[in-house]
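As structure tokens, the structure follows; a few thoughts come after it.
As the structure lists them, so they are numbered: ligands from 1, and atoms in each ligand from 1.
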Amino acid sequence: MSYKVAVVGATGNVGREILQILDERAFPVSEVVALASEQSVGREVSFGEDGVLKVQDLASFDFTGWDIALFSPGAKVSATHAPRAASAGCVVIDNTSHFRMDPDVPLVVPEVNGHTIARHAKRNIIANPNCSTIQLVMALKPLHDQARIVRVIVSTYQSVSGGGKEAMDELFNQTRGIFVNETPRNEQFPKQIAFNVIPHIDVFMDDGATREEWKMAVETRKILDPDIKLSATCVRVPVFVGHAEAVNVEFEEPFSEQDAREAWADMDGVAVVDQRADEGYVTPVECAGEDLVYVSRVREDPSIDNGLSFWVVADNLRKGAALNAVQIAEVLTDTRPAIAAA
Ligand SMILES: NC(=O)c1ccc[n+]([C@@H]2O[C@H](COP(=O)([O-])OP(=O)(O)OC[C@H]3O[C@@H](n4cnc5c(N)ncnc54)[C@H](OP(=O)(O)O)[C@@H]3O)[C@@H](O)[C@H]2O)c1
């Protein structure tokens with residue numbers, strides 16, 4: 001059995017990674033089409049070692065006869081075109097925020113709640129969570145299974161690739177410009193990102209939180225447990241690829257650091273690297289290009305009852321987006337390979 005697969009947003013950060021991962025994991029495709037905006041029509045994108053696909057226009061593309069569409073063209077574009085693909089009989093796996101909280105759309109991380117994929121039938125759409133949520137719930141799930149999590153405090157250190165290819169260019173150009181005394185131009189970010197950190201991702205909400213912080217809370221509840229309380233502070237940092245998170249968890253009952261390590265040892269897709277020594281932890285630079293979610297700096301938090309602190313990093317373009325979407329496609333088609341070891 002092989003599948004006709006459309007990659008929507010194929011010229012972007014996530015779309016290019018999706019094409020690469022489909023090839024790396026030998027997803028059984030009979031045909032692949034690369035779709036993007038009108039301005040990219042005719043551009044070439046790589047597929048596999050030697051493959052080249054000519055980009056076609058999403059707006060005029062007919063999804064009839066296509067099996068799966070992996071969407072990452074931004075929320076507004078998905079809002080218009082994902083339902084069009086879905087009603088043509090193509091199952092949509094959407095990376096944008098648009099459908100995530102729709103009660104008729106499952107929000108899926110295969111290792112955490114893969115069983116919910118079956119609930120896509122109503123709309124023919126499956127949503128991929130936010131990149132920061134994915135790596136967080138991967139780390140929380142095995143702990144929550146052992147000792148219920150009551151509350152999570154998380155601070156993120158999110159790379160610029162999470163903001164798309166133009167955001168990566170802005171960090172590059174500002175960094176280079178500062179060395180030759182150019183005044184930084186802020187177009188993709190609200191303030192200078194080179195040699196700085198910005199506690200503001202997505203728009204502000206009425207309660208003072210940003211929408212990125214709200215997404216982490218509501219998505220974690222939808223995926224893991226509606227009773228978990230979560231407070232996030234989301235920060236953009238001048239790193240190209242790889243999101244990091246400092247996480248503090250409060251459990252309902254006593255749960256030791258050793259209990260946590262044992263729980264993570266059994267979790268597919270999570271690796272603990274924690275030697276309490278120079279280089280004995282993982283940073284974003286090392287996780288770029290990797291499939292696993294890495295946990296480091298694990299320690300009990302003596303300031304509260306049943307508290308645990310740790311550090312989580314993952315490649316936001318892979319597990320945080322493209323890999324998770326392709327894994328959903330694998331579950332959907334029952335073609336799932338073993339998760340690659342580090
Ligand atoms: N980057 C991450 O870590 C991450 C993680 C999870 C989810 N996401 C979500 O995934 C989406 C894409 O992110 P990205 O980082 O890949 O952004 P990106 O690098 O800016 O790429 C955007 C892609 O969307 C296409 N596009 C834009 N407008 C379009 C239109 N009107 N019709 C068809 N295609 C259009 C672009 O095509 P052109 O080149 O033709 O403009 C490009 O292929 C966003 O919604 C983002 O929130 C990103």
Side-chain angles (χ1 to χ4, degrees), residues 6-21 33-46 53-61 63 69-82 84-85 92-100 107-109 126-137 156-172 187-189 201-203 210-212 215-216 219 234 236-237 239-245 284 287-289 293 313-328:
V7 177
V8 182
T11 54
N13 276 348
V14 175
R16 279 179 287 143
E17 202 74 36
I18 287 173
L19 287 166
Q20 187 169 331
I21 292 174
V33 64
L35 303 172
S37 76
E38 200 183 355
Q39 67 171 17
S40 298
V41 171
R43 259 186 67 186
E44 292 183 339
V45 289
S46 308
L53 304 171
K54 273 216 156 65
V55 174
Q56 298 184 37
D57 184 11
L58 168 67
S60 55
F61 187 76
F63 287 90
L70 296 147
F71 267 69
S72 60
K76 278 193 188 140
V77 181
S78 278
T80 307
H81 294 280
R84 188 169 71 74
V92 171
I93 300 168
D94 185 44
N95 268 288
T96 78
S97 57
H98 188 75
F99 299 97
R100 289 182 191 148
L107 182 63
V108 180
V109 179
I126 301 163
N128 218 41
N130 182 258
C131 37
S132 302
T133 308
I134 293 179
Q135 68 185 67
L136 179 68
V137 297
T156 70
Y157 305 74
Q158 297 181 223
S159 67
V160 295
S161 57
K165 54 191 177 183
E166 288 172 5
M168 295 178 82
D169 291 345
E170 185 151 308
L171 172 59
F172 182 84
E187 284 165 1
Q188 300 298 315
F189 297 106
I201 302 178
D202 209 333
V203 296
T210 63
R211 198 171 158 79
E212 186 80 354
K215 281 185 256 181
M216 285 193 83
E219 291 180 18
C234 292
R236 191 71 76 187
V237 297
V239 167
F240 281 105
V241 175
H243 287 0
E245 294 172 356
C287 78
V293 172
V313 295
D315 182 327
N316 54 295
L317 298 178
R318 291 181 72 91
K319 186 57 188 167
L323 172 64
N324 197 71
V326 173
Q327 286 176 308
I328 291 172

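Here the side chain of Glu245 pairs no donor or acceptor atom with the backbone of Gln135 at under 3.5 angstrom. The backbone N or O of Ser46 sits nowhere less than 3.5 Å from a side-chain atom of Arg16 that would complete a donor-acceptor pair. Here the side chain of Ser159 pairs no donor or acceptor atom with the backbone of His243 at under 3.5 angstrom. At least one donor-acceptor pair under 3.5 Å links the side chain of Asn316 to the backbone N or O of Gly242. Proximity of a side-chain donor or acceptor of Glu17 to a complementary backbone N or O of Ala321 within less than 3.5 Å is not detected. No donor-acceptor pair closer than 3.5 Å links the side chain of Glu219 to the backbone N or O of Thr133.
Heavy-atom minimum distance, Leu35 versus Val55: C-CG1, 4.2 Å.
For ligand 1, the atoms sitting less than 4.0 Å from at least one non-hydrogen atom of Gly320 are 5 (C), 6 (C), numbered in the order shown with element in parentheses. When each atom of ligand 1 is checked for a heavy atom of Ser40 under 4.0 Å away, the hits are 38 (P), 39 (O), 40 (O). Each of the following atoms of ligand 1 lies closer than 4.0 Å to a heavy atom of Leu317: 1 (N), 2 (C), 3 (O). For ligand 1, the atoms closer than 4.0 angstrom to any heavy atom of Ala10 are 43 (O). Of all atoms in ligand 1, listed by their number and element, those nearer than 4.0 Å to a heavy atom of Cys131 are 3 (O), 5 (C). Per-residue contacts place Asn316 under 4.0 angstrom from the following atoms of ligand 1 (heavy atoms of the residue considered): 3 (O). Residue Ala321 approaches ligand 1 through these ligand atoms, each under 4.0 Å from one of its heavy atoms: 5 (C), 6 (C).
With a 4.5 Å cut-off on side-chain heavy atoms, Val239 and Tyr157 do not count as touching. Side-chain atoms of Lys215 and Asp202, non-hydrogen and from C-beta on, do get closer than 4.5 Å to each other.
No more than 12 heavy atoms of other residues, nucleotides or ligands sit less than 6.0 Å from atom CD of Glu166.
Once rounded to the nearest 0.5 Å, the distance linking OG1 of Thr156 with CZ of Arg236 reads 8.0 Å. One distance of note links CG of Leu70 with CG of Asn95; it measures 7.5 Å at 0.5 Å rounding. Rounded to the nearest 0.5 Å, atoms NE2 (His98) and NE2 (His81) are 12.0 Å apart.
Annotation: atom 26 (N) of ligand 1 to nearest protein heavy atom, Pro73 O, 3.8 Å. Protein heavy atom closest to atom 21 (O) of ligand 1, with residue, atom name and distance, is Gly12 CA, 3.2 Å. The protein heavy atom nearest to atom 23 (C) of ligand 1 is Ser72 O, 3.7 Å. Nearest protein heavy-atom neighbour of atom 17 (O) of ligand 1: Gly164 CA, 3.6 Å. Atom 1 (N) of ligand 1 has Ser161 O, 3.1 Å as its closest protein atom, hydrogens excluded (heavy atom only). Looking only at protein heavy atoms, the nearest one to atom 45 (O) of ligand 1 is Gly74 CA, 3.3 Å.
Not a single N or O atom of Asn130, backbone or side chain, sits closer than 3.5 Å to an N or O atom of ligand 1. Between Arg100 and ligand 1, not a single N/O pair is under 3.5 Å apart. Backbone and side-chain nitrogen or oxygen atoms of Ser37 are examined, and one is located within less than 3.5 angstrom of a nitrogen or oxygen of ligand 1. Checked against a 3.5 angstrom limit, the closest N/O atoms of Thr96 and ligand 1 fall outside it. At under 3.5 Å, a nitrogen or oxygen of Gly9, whether backbone or side chain, sits near a nitrogen or oxygen of ligand 1.
Only the side chain of Gln39 comes within contact range of ligand 1, with a heavy atom under 4.0 Å; no backbone atom does. Residue contacts with ligand 1, taken as heavy atom pairs separated by less than 4.0 Å, do not involve Ser97 at all. When heavy-atom distances to ligand 1 are checked against a 4.0 Å cut-off, Ser78 has no atom that comes that close, whether in backbone or side chain. Under 4.0 Å from ligand 1, the heavy atoms of Leu58 that appear belong solely to its side chain. Using a 4.0 Å cut-off between heavy atoms, Asn13 contacts ligand 1 through both its backbone and its side chain.
Protein heavy atoms come within 4.0 Å of atom 11 (C) of ligand 1.
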Going by atom type alone, with no hydrogens or angles, which donor-acceptor pairs under 3.5 Å involve a side-chain atom of residues 38-45 and a protein atom two or more places apart or on another chain?
{"from": "Glu44", "atom 1": "OE2", "to": "Lys54", "atom 2": "NZ", "distance (Å)": "3.4"}

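The side chain to side chain donor-acceptor pair (under 3.5 Å) test applied to Asp57 returns no partner, not counting sequence neighbours.
When Asn95, Val14, Val241 are checked for heavy-atom proximity to atom 48 (C) of ligand 1, Val14 turns out nearest. The option with the heavy atom closest to atom 32 (N) of ligand 1, from among Thr11, Val77, Val7, is Val77.
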